[in-house]
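The structure under discussion appears below in the form of structure tokens.
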Amino acid sequence: MTISIESRRVLKHQEEFNAEEKRILDLLSRGLSQDFPNPQRVGCPDSAMLKGIALHKVPLAEADPWLDHFSSCSPCFQEFTQFRKQAVDGRRRAQLWLAAAAVLLFAVAGWLWVRSRPSVQTSATVVLDLRERSLTRGENPTDAKEVALEIPRTARHLVMDLPIGSKEGSYDLALLNEAGDEVSRAKGTATLEDHIVIRRADIDIRNLSPGLYFLGLRQLGPEWSRYPTRVI
């Protein structure tokens, strides 16, 4: 990016002003704020000029004569440094407010983003414990008192601990609607692991509507063992 001649001149003047201002402020450490009393304020600029110089609102060419004056006039030096302190404190307060506002804005944006996301579970693998579930075969049980299993629509893998007494081997698995129709199906083999017969399956139920279904398992024969299941 090319910097224009005018911009270079402004930057150069700003650097010169800052350097001269630092030189004057350094005099404070040498006691010059008290060593040159001027109770009558002879030859002093007015407060508006002092404040303008302190806030960098006065051109360098206009401020330069007064910078030398500060080194030999304690009252002007004291007033100038007070204006500078107020300016620095004001900038710090503004920076703190801006930082606080940025943090608040970020927090509100994050909250709105979270609120706007669908409230769904994101578990890709769901473990279903069927070991203590009864084996209900045939038509959908209307008087089942078992708490329904829950499977989020985001699930991609099922790990099922089959009911006690189940055998190893090939199993059909299906998700059935209340009419008994298959809405999702998968095949796989159950194996014995640590004295538990476990059946694993990949599923894709992203397009199913949330609601009550039945998880169907069968090894031999046309009838399903059905387990009330809620898709969430």
Side-chain angles (χ1 to χ4, degrees), residues 93-232:
R93 285 194 298 269
Q95 290 170 352
L96 288 175
W97 277 108
L98 288 174
V103 171
L104 179 62
L105 181 63
F106 181 79
V108 170
W111 179 78
L112 291 174
W113 179 76
V114 171
R115 285 291 301 271
S116 67
R117 298 184 66 195
S119 179
V120 298
Q121 298 184 30
T122 58
S123 300
T125 300
V126 177
V127 178
L128 302 175
D129 189 351
L130 308 178
R131 287 175 294 175
E132 302 298 328
R133 300 269 176 164
S134 60
L135 287 170
T136 305
R137 299 183 181 275
E139 296 298 324
N140 298 342
T142 57
D143 58 349
K145 296 181 180 180
E146 293 178 327
V147 176
L149 303 167
E150 288 190 349
I151 305 177
R153 286 187 296 169
T154 53
R156 295 293 177 267
H157 313 285
L158 295 182
V159 178
M160 292 162 285
D161 297 340
L162 298 189
I164 296 173
S166 298
K167 299 179 180 179
E168 295 181 277
S170 179
Y171 279 81
D172 289 333
L173 179 146
L175 203 59
L176 314 172
N177 61 22
E178 293 187 272
D181 300 323
E182 297 179 19
V183 294
S184 180
R185 187 170 182 176
K187 288 187 177 183
T189 301
T191 57
L192 184 64
E193 303 178 23
D194 294 329
H195 308 290
I196 301 173
V197 178
I198 296 178
R199 165 72 158 83
R200 290 179 168 81
D202 295 331
I203 62 170
D204 185 355
I205 55 175
R206 289 173 295 179
N207 296 324
L208 288 187
S209 300
L212 185 63
Y213 295 84
F214 291 91
L215 180 68
L217 283 172
R218 67 185 179 188
Q219 187 175 31
L220 297 173
E223 293 185 344
W224 296 98
S225 296
R226 304 166 188 262
Y227 305 92
T229 301
R230 187 173 301 279
V231 173
I232 58 177

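Note that the numbering runs from 1 along the sequence shown for the chain. As the structure is a prediction and not an experimental result, all values here were calculated from the model. Side-chain atoms are counted along with the backbone in the values below, which use heavy atoms only and exclude waters and symmetry mates.
- Going from atom CZ of Phe214 over to atom CD of Glu182 covers 14.5 Å, rounded to the nearest 0.5 Å.
- A side-chain donor-acceptor contact under 3.5 Å links Arg199 to the backbone of Tyr171.
- Across all non-hydrogen atoms, the minimal contact from Asn177 to Tyr213 is CA-CD2, 3.8 Å.
- Exactly one of Leu162, Val197, Ile196 qualifies for a side-chain contact (heavy atoms from CB on, under 4.5 Å) with Arg131. That residue is Ile196.
- In this structure a side-chain-to-backbone donor-acceptor pair under 3.5 Å is present from Arg218 to Pro222.
- To the nearest 0.5 angstrom, Leu217 atom CG is 9.5 Å from Leu128 atom CG.
- A donor-acceptor distance shorter than 3.5 angstrom exists from the side chain of Gln219 to the backbone of Glu168, with no hydrogens or angles considered.
- With sequence neighbours excluded, the residues that form a side chain to side chain donor-acceptor pair (under 3.5 Å) with Arg200 are Glu193.
- Counting all heavy atoms, side chain and backbone alike, Glu132 lies closest to Ile164 at OE2-CD1, 3.7 Å.
- Taking OG of Ser225 as the reference point, atom CG of Leu173 lies at 11.0 Å (rounded to 0.5 Å).
- In this structure, the side chain of Arg156 does not engage the main chain of Asp204 through any donor-acceptor pair within 3.5 Å.
- Applying the side chain to side chain donor-acceptor pair (under 3.5 Å) test to Asp194 and every residue at least two apart in sequence or in another chain returns nothing.
- Between Asp172 and Arg185 there is a salt bridge, since a side-chain N of the basic residue sits under 4.0 Å from a carboxylate O of the acidic one.
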Intermediate values then yes/no, side-chain contact (heavy atoms from CB on, under 4.5 Å), Arg226 and Leu176: CA-CA 9 Å; Arg226 304 166 188 262; Leu176 314 172; 3.1 Å; yes
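- Counting heavy atoms of neighbouring residues, nucleotides and ligands inside a 6.0 Å radius, atom CG of Asn207 does not exceed 12 of them.
- The structure places CD1 of Ile205 at 8.5 Å from CZ of Arg153, a figure rounded to the nearest 0.5 Å.
- The line from CG of Leu158 to CD1 of Ile198 is 13.0 Å long, rounded to the nearest 0.5 Å.
- Residues passing the side-chain contact (heavy atoms from CB on, under 4.5 Å) test with Thr229 are Leu149, Ile151, Leu175, Leu215, sequence neighbours excluded.
- The backbone N or O of Pro228 lies less than 3.5 Å from no partner atom in the side chain of Arg230, so there is not a single donor-acceptor pair.
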